[in-house]
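Have a look at the structure below, then the notes.
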Amino acid sequence: MDLFYSGANAKKPKYFEDLFCKLACYEEYRSRTSNRFLRQELFEVERGICRNCKLDCHKLVKHLKPLSHANRALYIEKVAPDLVKHKKLLDKLVCDPTEGNAWHADHLVPVYLGG
């Protein structure tokens, strides 16, 4: 087989990012394929605070993590009564208090749809 077609001259990229021509292209790819990346970028802009109701979701999650499930629901009812109206989101946040679950509750348009 000819060396030209065997791939013997091809370099294996050291990092995944090496597959892209520039950082902007890599970031564009990540923004379209990674919800985590979107949340990180959104956090840089909003710092975890809902622009609509001003709820600090970052602070909320930080306070929820050490609490029991029952106390989590009570705490949410106290600091974010509007969130209680959304049963599925409330249950998700009580069972798994993570930034992503809190942010789902505070966006009129879901993050994965560009909100």
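Counting from 1, the numbers follow the sequence of the chain as shown. Every heavy atom of this structure was used, including side-chain atoms; hydrogens, water molecules and symmetry mates were not.
Using cut-offs of 30° and 60° for the angle between ring planes, the Phe20 and Tyr29 rings count as tilted.
Distance check: Asn71 CG to His63 NE2 gives 13.5 Å after rounding to the nearest 0.5 Å.
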Starting from the C-alpha separation in whole Å, work towards a yes-or-no answer on salt bridge (charged side-chain N to carboxylate O under 4.0 Å, His left out) for Lys87 and Asp91.
CA-CA 6 Å; Lys87 178 89 171 101; Asp91 291 344; 3.1 Å; yes

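Val94 approaches His69 most closely through the heavy-atom pair CG1-O, 3.5 Å.
A single hydrophobic cluster is not seen to contain both Ile76 and Leu74; linkage of ILVMFWY side chains at heavy-atom distances under 4.5 Å, directly or through other members, places them apart.
Not counting sequence neighbours, the partners of Lys65 by the side-chain contact (heavy atoms from CB on, under 4.5 Å) test are Val61, Pro97. In this structure Lys78 satisfies the salt bridge (charged side-chain N to carboxylate O under 4.0 Å, His left out) test with no other residue, sequence neighbours excluded.
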